[in-house]
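We use all heavy atoms of the structure for the numbers below, so side chains are in, but hydrogens, waters and symmetry mates are not. Numbers restart at 1 for each chain; the letters A, B, ... are given by sequence-line order, proteins then strands.
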4 protein chains.
Amino acid sequence: MAKLQKSIDKRNALVKATIELVNNNGFHATPMSKIAKMAKVSPATIYLYFENKQDLVNQTYIDVKAEYTNYAFANYDESMSVEAGFEMIWKRIADFKLKECEHAMFLAQCDNTPMIDEESRQEGIKHLQPLLDLWERGKKEGIIKPMANYMLYAYSINPLSFLMMSEKRGVLKLDASQLEDAYQSAWSSIKMCK
Amino acid sequence: MAKLQKSIDKRNALVKATIELVNNNGFHATPMSKIAKMAKVSPATIYLYFENKQDLVNQTYIDVKAEYTNYAFANYDESMSVEAGFEMIWKRIADFKLKECEHAMFLAQCDNTPMIDEESRQEGIKHLQPLLDLWERGKKEGIIKPMANYMLYAYSINPLSFLMMSEKRGVLKLDASQLEDAYQSAWSSIKMCK
Amino acid sequence: MAKLQKSIDKRNALVKATIELVNNNGFHATPMSKIAKMAKVSPATIYLYFENKQDLVNQTYIDVKAEYTNYAFANYDESMSVEAGFEMIWKRIADFKLKECEHAMFLAQCDNTPMIDEESRQEGIKHLQPLLDLWERGKKEGIIKPMANYMLYAYSINPLSFLMMSEKRGVLKLDASQLEDAYQSAWSSIKMCK
Amino acid sequence: MAKLQKSIDKRNALVKATIELVNNNGFHATPMSKIAKMAKVSPATIYLYFENKQDLVNQTYIDVKAEYTNYAFANYDESMSVEAGFEMIWKRIADFKLKECEHAMFLAQCDNTPMIDEESRQEGIKHLQPLLDLWERGKKEGIIKPMANYMLYAYSINPLSFLMMSEKRGVLKLDASQLEDAYQSAWSSIKMCK
DNA sequence: CATGAATGAGTGTTCATTCAT
DNA sequence: GATGAATGAACACTCATTCAT
């Protein structure tokens, strides 16, 4: 059991190092040897935990994506109203993107790059299902615009990625009131006009 | 006559090959030798036109970014009303992202990756000025919400990138009416509520 | 047991190969790949033992220079008389240059070429100190001409390099009596005239 | 005729550039393109004057060697006595090595390196004949020690190369009186003892 | 005669991965 | 399970040389 624990620590250290190095240098400038060094293991050890570099990056992506959606839906409950549920989820996502900025940036890089296998990408998308279900319910109830989910995502959730990147680059500072403005824009872009 | 000067055709072929290969394989899996082969020149020839791989990618980025903004503002005129001007620019941008999808994807990859020099990134941003000016005018006239330009961009322009990627991945098909919906969402997210 | 540490044997094989190839072809025509092949290792292995090609050559130079001076002073003892000491050292140097001709030629090439870092050159010179000390003693005792050490070296030691090169090129054959003549010339060029 | 003149200027510029660059950087770090740039011609032009890089270096060597010996024997006359002749030649050589230090260093580099063809090396040696003749005469007259010419050269002429290098490296300064000492050492190392 | 553009072959070096211990 | 040493296959880049003009 002690051995198993130790192993999980090493796996986590490798995933962590991968995120940090890929974030700062990009996939193309992140050799396995640097990942090993940062995780304080031998390069050969990586191959005890992952098949190869592609697998390491894929698994890191899935890990971070799962963490992201877990965070997003942590307090959400399907019994909530559509509007309350959306607000809850939106604000958790905003929270994640601003607080776990490193992880959010890693996802942004993966999502705009052919660096992840298509299979792992699909795997990552799965976990977003509760939000899609919420939207479907909202459409049935006539509260959400009858648009494709991708369109709803594009206008209500995706802008947060851009705002996060802008803040990271120092060209924008998001305070509480601006975040509230952002939420209002998000909600009004998908809610059914009365 | 044709051979007395470095040929602009070769430079363009190299830029074109770079876009295509980086789009399909990512920066890290795009060796100079493949770029050369696709552009039908010797690897050594690349170095007559570009200092090194980084310079090639930087210049490609700036080229594409300029093409993008040129396209966006081609029919725009500062004498237009704020609303008409925005609609004009938005639709041109949408046009570009859907028709010149390869180029738009290249920009998306560059913008979410440490693959471009900060200097070149700055250079690329410059050309967006007319849109920012339009927004400033709109704010003064009380037509546009008094939000930071980055926020306006996040909600009205950036969603197009996500839609473009979704269409490219085949999970979404954008017809004229959906595009009109998208425009309405964009405009309503930044226009001043009455 | 043998493989737990970087093997000194491999390092030595690389140094040996460097000497042989640089001697025969010159630095400019000695690629790392050939050095690797001659040392029976992979090109990549060189970089486990040396930082880069320059470092490999620098270290080879220092190694050979140290071997040279160790050989020169092996039997020398500061308690010897100036004349006996000089004869001992001179003959050891002559021995080295004629028997370890490959190594002596490598030094000659390095010493007349900008192929070695200035720092490594300085490092190589250090080990000659006992001879300089002997000369200083000889000057104080009125046995050696009161000339700069570089001048003493030029006339008593350096000619051996030329003789060695000449023999290597086959234009001269040095037998014992000629070597004795050479020693007499060397000694008479630095000893104080009565 | 004007054209011919122009051509000789270009050839000379190329030879000059070769000397300077090989002296400062070594053969291995002296690309044709740099030689062309320093001589202010196109790389292709070099091949109008020389067959290839090897030929350029060979011819440069022969040129400099000829200049060296011309200088050495300029005032020498076979009717001079052996001793006067030797002094004359020695001092001209010393002069050359100290004043045309760049050229002398180039020769030193060539002579200790496999960078010159054997054929060109032979060609360069030819011009030294007058000195060898003088020595033969001296031996017959019982004025010069009956040693091989290479040995005479090693002790009386070659030390000048070492002194020149030392001065160039700044570790030695040769004034007139030291030069006179050097000459005395040279002469006494080859003259017949009474 | 002179050139700048072009290039194929080759260079030093790196890297994902394997292996002996 | 864990490692440091080792490596073949690549990579970015350079260079001596050629060629069309």
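- Remark: the backbone N or O of I46(B) is not paired with any side-chain donor or acceptor of R11(B) at under 3.5 angstrom.
- Looking only at atom types and distance, the side chain of E102(C) has a donor-acceptor partner in the side chain of N23(C) under 3.5 Å away.
- Summarising the geometry, the separation between CD1 on I35(B) and P on dC13(F) is reported as 10 Å, rounded to the nearest angstrom.
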How does DNA chain E look in dot-bracket notation if pairs are Watson-Crick or G-U with both distances under 3.5 Å, crossing ones as [ ], other-strand ones as |?
-> .||||||||||||||||||||
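- For E119(B), the CD atom is loosely surrounded, since the number of other residues' heavy atoms within 6.0 Å does not exceed 12.
- Rounded to an integer number of Å, the gap from NZ of K37(D) to P of dC15(F) is 11 Å.
- Proximity of K10(D) to the phosphate of dA2(E): a side-chain N or O atom is located under 4.0 Å from OP1 or OP2.
- For T113(B) (side chain) and M115(B) (main-chain N/O), no donor-acceptor pair under 3.5 Å exists by modelled atom type.
- For the residue pair E20(D) and N24(D), no side-chain donor N or O sits within less than 3.5 Å of a side-chain acceptor on the partner.
- At whole-Å resolution of the value, CD1 in I46(C) and P in dT14(E) are 12 Å apart.
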Which pairs, protein N/O on one side and nucleotides 8-10 of chain E N/O on the other, fall under 3.5 Å?
residue: dG8(E); atom: N7; partner: S42(B); partner atom: OG; Å: 3.1

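- Rounded to whole angstrom, the span from the CG atom of L21(B) across to the P atom of dA12(F) amounts to 12 Å.
- Of the N and O atoms on the side chains of D63(A) and Q59(A), not one donor lies less than 3.5 Å from an acceptor on the other residue.
- Electrostatic pairing of K65(D) and D111(D) counts as a salt bridge here, judged by a charged N lying under 4.0 Å from a carboxylate O.
- Contact between the side-chain N/O atoms of Y49(D) and the OP1/OP2 oxygens of dA2(E) is found at a separation under 4.0 Å.
- Listed candidates were dT17(F), dC13(F), dT13(E). Nearest to the side chain of N52(C) is dT13(E).
- A side-chain donor-acceptor contact under 3.5 Å links N52(C) to the backbone of Q54(C).
- Atoms CG (L14(D)) and C1' (dA2(E)) sit 12 Å apart, rounded to a whole Å.
- In this structure, K40(D) places its NZ atom 23 Å from P of dC1(E), rounding to the nearest Å.
- Counting to the nearest Å, the P atom of dA10(F) and the NZ atom of K34(B) are 11 Å from each other.
- Both L48(A) and K53(B) sit near DNA chain F, but only L48(A) has its closest nucleotide nearer the 5' end.
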